[in-house]
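Computed from a predicted structure; not experimentally measured.
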Amino acid sequence: MKRLRRNPDESDPETTPDPDGEVSFSKDQHERKCGLSSMKMMGFFVVALMVVSVVFSVSVVLQDPPSDGVLESGKNVRFLDVMESSKEEQVLEVQPQKVVGPVDDDALSIEVRKDKLLGGLLAAGFDETSCVSRYQSVLYRKESQHKPSPYLISRLRSYEALHKRCGPYTESYNKTLEKLKTGHHLESTDCNYLVWISFSGLGNRILTLASAFLYALLTNRVLLVDPGTDMVDLFCEPFPEVSWFLPLDFPLKNQFDSFDQKSPHCYGRMLKNNSFANSSKSILAPFVYLHLVHDYDDQDKLFFCDEDQTSLQEVPWLIMKTDNYFVPSLFLIPTFEQQLSNLFPRKEAVFHLLGRYIFHPTNPVWGLITRYYQAYLAKADERIGIQIRVFDTGTGPFQHVLDQIIACTLKENLLPDISTEKPIINQSQKSKAVLVTSLSGGYFERLRDMYWEHPTVTGEVIGFYQPSHEEYQQTEKQFHNRKAWAEMYLLSLTDVLITSSWSTFGYVAQSLGGLKPWILYKPENRTAPDPPCGRVMSMEPCFHAPPFYDCKAKRGIDTGAVVPHVRHCEDMSWGLKLVDNESEL
């Protein structure tokens, strides 16, 4: 078949004869050959139709695919508006973060498909529409510098198999449940359990649940999660096929709120009364309650001793209540030392990896995250997060807190200074989006007005955004916790992060994001500290209430000076956190 080519001049409807003999058409040529037979004209007409068809098909194939991202009008979406929407969330795919330079769409999609399992951290085979964030979060994050070790990947796959075999309503689960119903220690089973009680604020719950999962991984227990009032609404199922949520008909569920240090099955109390030590298997309690809340006593803290871990191995059901990220103290238990070293060659990546494995926002929460990100953060050249948690009593905003934030951002060159004397003529093309999270809207408003009313000395354009300001913490409210979880996640998507001392909200954001933040030191006497902030040693959360006890010597000890990778926290001098000791890497 002869080839046809379009005239390079798109505005000229006429075409000219091709010197290479390709078929072409022009007005003069048509007049010269008006005597052609109708059959030949019909042939030309058919060829022309074929050309039009081919050109149309090629144009359709080569044109940019339609965006599945949030519509431009979504820039006006705020969390308060989202709350009025239907609970039935439409699942939308989103575009990845803005990439500088030319990118091949096919290569990008292949890379996304390859990396959505986060280097083998996540398991394949989930229904993607039931939890969009599980595989789609990779589109919003920079590639993590902390890869899961082969041993961690292997242990996670082994745990998933264990959970499938022993999870709720399986034969093994039903058999072990009889130990609770009858109160007798039956013959040993192949499944032991750790039940995590939903307790405290959302930030604490996220940190303690990660701690509980690591403990279950180390002791080959099946983790079952008390749904509480909102856990199902906030987090997707992390394990394939079998739920991690504790069944509502679990026999002890109605006692969870009453469990404390005085409970007969509390491990610390049993040690005091010598009712646990030297017990034979035949009379061993069917369950033990572990009280690891901040007010726990010396007997409760023996949980972190090697000898006690050996004793607890025989108990089929451990019920845990805690508001502490107790992972650092697990690294001080000799029994777990080698296994933890194999799981996490880089110690500061523990929560970073476990958090990305366990915590996937449900579709309603993911909608809050992606809509806000696309509307306010996606187009900025740099994203900066400022997480503000104030422990002072009284009505804010407080001037000393605002002074501290400004001093930190300027001293560390995180934001440019403003010019109050003369306008800046040469405007920089660079933009920065600053995400502010706080219970109060006052700090956001003051910062926004400061950079709106005055130009920056660099000419950069600075935008400030705050998704919500609830005024006070409302732990038991569903919408409040949806927004809190969304804001933690949004902070984790920033490039630079400033957090507040003692705040578990900030700990979650920094660790999920793989960020080493600048932490605002806690003010004293309502005076901004000097220096106002400092860079943290690692992105790991702080264990606020660790034990200070040498289990072998049976005396007090500084547990922040036992091993190189467990140190005291920057924001809480008695707390413990994991750091990377370069000599061990």
Side-chain angles (χ1 to χ4, degrees), residues 159 162-163 165-199 208-209 211-228 231 242-293 296-297 299-305 307-324 326 330:
Y159 175 82
L162 175 68
H163 197 93
R165 188 177 77 251
C166 302
Y169 300 119
T170 61
E171 181 179 351
S172 295
Y173 171 85
N174 294 335
K175 182 178 180 181
T176 312
L177 198 62
E178 288 298 314
K179 296 174 185 261
L180 289 178
K181 294 179 178 179
T182 63
H184 297 142
H185 191 94
L186 306 178
E187 69 275 9
S188 61
T189 65
D190 60 345
C191 301
N192 288 337
Y193 296 85
L194 174 65
V195 176
W196 173 89
I197 296 177
S198 183
F199 174 70
T208 62
L209 186 48
S211 304
F213 176 67
L214 178 56
Y215 179 69
L217 204 64
L218 293 170
T219 56
N220 292 312
R221 288 182 178 272
V222 176
L223 175 66
L224 297 180
V225 174
D226 170 24
M231 294 296 290
V242 178
S243 177
W244 72 336
F245 287 115
L246 188 71
L248 296 179
D249 59 358
F250 185 70
L252 301 178
K253 186 170 176 55
N254 292 335
Q255 302 178 42
F256 285 173
D257 289 341
S258 63
F259 279 158
D260 58 21
Q261 291 169 294
K262 298 178 181 179
S263 300
H265 288 86
C266 177
Y267 183 61
R269 175 169 176 166
M270 294 174 75
L271 292 179
K272 288 179 187 177
N273 298 336
N274 293 318
S275 59
F276 186 88
N278 301 320
S279 296
S280 65
K281 278 190 176 184
S282 60
I283 60 173
L284 195 64
F287 80 94
V288 167
Y289 165 62
L290 302 172
H291 186 82
L292 303 181
V293 184
Y296 63 160
D297 60 23
Q299 280 70 35
D300 295 316
K301 293 175 183 177
L302 293 177
F303 167 83
F304 295 105
C305 290
E307 181 181 349
D308 295 78
Q309 284 300 317
T310 300
S311 301
L312 290 169
Q313 285 180 359
E314 303 298 333
V315 182
W317 292 93
L318 296 180
I319 315 296
M320 178 183 290
K321 180 186 288 186
T322 180
D323 56 1
N324 279 302
F326 59 79
L330 295 180

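Distance alone, capped at 3.5 Å, is enough to place a donor-acceptor pair between the Thr170 side chain and the Arg165 backbone. In this structure, the side chain of His163 does not engage the main chain of Leu224 through any donor-acceptor pair within 3.5 Å.
Crowding of Glu307 atom CD: a count of heavy atoms from other residues, nucleotides or ligands under 6.0 Å not exceeding 12.
Each salt bridge (Lys or Arg N to Asp or Glu O under 4.0 Å) pair with one or both residues in residues 251-272, not counting sequence neighbours, appears once here: Asp226-Lys253, Lys272-Asp297.
Taken from CG in Leu248 to CZ in Phe250, the straight-line distance is 12.0 Å, to the nearest 0.5 Å. Taken from OH in Tyr193 to SG in Cys166, the straight-line distance is 5.0 Å, to the nearest 0.5 Å. Rounding to the nearest 0.5 Å gives a distance of 5.0 Å between CZ of Phe287 and CG of Leu252. In this structure, the separation between CD1 on Ile197 and CG on Leu246 is 9.5 Å, given to the nearest 0.5 Å. Atom CD of Gln309 and atom CG of Leu330 lie 8.0 Å apart (nearest 0.5 Å). For the atom pair Asp308 CG and Gln299 CD, the distance stands at 10.5 Å (nearest 0.5 Å).
In terms of the side chain to side chain contact (heavy atoms under 4.5 Å, CB included) criterion, residue partners of Pro251 (sequence neighbours excluded) are, by chain and number, Leu177, Lys181. Listed by chain and number, the residues in a side chain to side chain donor-acceptor pair (under 3.5 Å) with Asn192 amount to none (sequence neighbours excluded). Taking Val288 as the reference, Tyr267, Met270, Phe276, Leu290, Leu312, Val315, Leu318 meet the side chain to side chain contact (heavy atoms under 4.5 Å, CB included) condition, with sequence neighbours excluded. For Thr322, the side chain to side chain contact (heavy atoms under 4.5 Å, CB included) test picks out Thr208, Leu292, Met320, Asn324, Phe326, with sequence neighbours left out. Under the rule for a side chain to side chain contact (heavy atoms under 4.5 Å, CB included), Asn254 has no partner lying at least two apart in sequence or in another chain.
Counting heavy atoms from C-beta outward, Val242 and Pro168 have side chains that approach closer than 4.5 Å. The shortest distance between side-chain heavy atoms of Leu194 and Thr219 does not fall below 4.5 Å. In this structure the side chain of Val222 reaches within 4.5 angstrom of the side chain of Tyr159, judged on heavy atoms. Using a 4.5 Å cut-off on side-chain heavy atoms (C-beta onward), Ser258 and Gln255 make contact.
Under the 6.0 Å cut-off for aromatic ring centres, Tyr296 and Phe303 do not qualify, their centroids lying 6.0 Å or more apart.
Within the cation-pi definition used here (under 6.0 Å to the ring centroid, within 45° of the axis), Lys321 does not qualify as a partner of Phe259.
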